[in-house]
Every structure is written in C-alpha cells, then in structure tokens.
Amino acid sequence: SLDARDMNWQTLLAELRNQGNAMIGPHGMSFDLKSSIEETDDQPGSLLCLNLFKIYREALTNIIKHAQARTVNAAFSINRTRLKLVIQDDGVGVGNGRVGGRGLTNMQTRGRYLGGEILLNAECGTCVTLEIPLPLQAPLRNTR
C-alpha cells in the first residue's frame with residue numbers, strides 16, 4: 001500500500017522486502033535485503049514511495065529477464081543526510097552493447113526527479129545504486 005497516512009520508513013522497508021521476495025523467489029534465485037534506518041525527521045511521502053518502488057521493481061525485473069543470476073542482494077539505508085538503495089546480482093552483468101530498452105533510462109529519470117542519482121556498475125554481475133540527498137527538496141525537482 002502506498003497510502004501516505006500509513007507510510008513510515010519501517011513500512012516502506014517491509015514493502016520493499018515483500019516485493020523483492022515475491023518477485024525473485026519464484027525464479028529460483030535467493031533474495032536478501034539488509035537495512036539500516038537511523039532516526040530522521042523526514043518520513044516518506046507518496047511520490048517518493050511510488051518512484052522508489054518503480055525504480056526497485058524495474059531493477060528486479062531486469063535481473064529476472066537478463067541477468068541469469070543465482071543471488072540478488074539489496075540494501076536500504078536512510079539517515080539524516082541521504083537515502084540509499086542498492087540492488088546487486090551475481091549474474092552476467094551488462095555490457096558489450098547489451099543495454100537496450102527504456103528501463104535504465106526510466107530509472108535514471110525517476111532518480112533525478114527525486115533529486116538523486118542512479119549509478120550502474122557491471123564489473124561483477126550488476127549493481128544498481130540510487131542515492132538521494134536528504135532532506136528531500138519540495139517540490140520534487142523537475143526533470144526537464
């Protein structure tokens with residue numbers, strides 16, 4: 001549920017964990033989500049949650065479709081100065097002209113919209129990192 005009235009960092013983390021298990025498990029891969037939530041004055045709003053979930057889901061979908069991975073590890077951390085989401089697999093990685101479609105572009109656009117940045121590292125498997133400085137800017141940045 002993305003109802004902002006019920007959303008806090010712990011609820012968001014539980015939703016990410018549930019979604020990761022539901023998406024990755026049926027494909028014979030193991031999934032683990034580590035977390036670190038420090039006390040912060042900000043709570044997640046519905047636009048942050050929606051965009052974060054879409055980035056997360058796209059990264060997991062790409063792993064399912066393309067990575068040939070056995071293991072998927074994610075990490076979510078939040079403190080007073082930043083939110084960080086990392087999704088990493090042990091698959092074939094990205095490269096040699098294999099990047100196509102709109103998925104990565106959409107993730108990068110959503111990351112920028114939130115005031116953050118998506119980094120892609122494909123040295124050993126694939127690692128997608130989203131970092132968003134906090135406190136969030138209001139309103140969220142225009143992507144134009």
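Fair warning: this is a prediction, and the values are worked out from it, not measured in the lab. All heavy atoms count here, side chains included; hydrogens, waters and symmetry mates do not.
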Using the test side chain to side chain contact (heavy atoms under 4.5 Å, CB included), find all partners of Q108 that sit at least two apart in sequence or belong to another chain. L104, R112, I118

Tell me every residue that passes side chain to side chain contact (heavy atoms under 4.5 Å, CB included) with K84, counting only those two or more places apart in sequence or in another chain.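 Side chain to side chain contact (heavy atoms under 4.5 Å, CB included) list for K84, sorted by chain: S77, R82, V86, T129, E131.
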
Between N106 and T109, do the side chains contain a donor N or O and an acceptor N or O under 3.5 Å apart?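 Per modelled atom types, T109 and N106 side chains form no pair under 3.5 Å.
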
Side chains of residues 23-38: which donor-acceptor partners sit under 3.5 Å, not counting sequence neighbours?
{"residue": "D32", "atom": "OD2", "partner": "K34", "partner atom": "NZ", "Å": "2.8"}

Distance-minimising heavy-atom pair for [X] and [Y]:
X    : Y    : result
C49  : M7   : SG-CG, 3.5 Å
G111 : L130 : CA-CD1, 4.0 Å
V92  : H66  : CG2-O, 3.7 Å
G20  : L60  : CA-CD1, 3.8 Å
E15  : F53  : CB-CZ, 3.3 Å
T11  : N8   : N-OD1, 2.8 Å

Out of curiosity, [X] [atom1] to [Y] [atom2], how far, rounded to the nearest 0.5 Å?
X    : Y   : atom1 : atom2 : answer
L12  : Y56 : CG    : OH    : 10.0 Å
R57  : I87 : CZ    : CD1   : 12.0 Å
Y113 : I55 : OH    : CD1   : 11.5 Å

Is there a side chain to side chain contact (heavy atoms under 4.5 Å, CB included) between L83 and L114? Walk through the geometry before answering. CA-CA 11 Å; L83 177 151; L114 295 171; over 6 Å; no

Going by heavy atoms in the side chains, are N62 and E58 under 4.5 Å from each other? yes

So T126 and I63, do their side chains get closer than 4.5 Å, heavy atoms only?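 Counting from C-beta outward, I63 and T126 never come under 4.5 Å.
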
Walk me through whether L48 and I132 qualify under side chain to side chain contact (heavy atoms under 4.5 Å, CB included). CA-CA 10 Å; L48 170 69; I132 302 170; 4.1 Å; yes

Within the distance-only criterion (no hydrogens, no angle test), does the side chain of D90 pair as donor or acceptor with the backbone N or O of T71 below 3.5 angstrom? yes

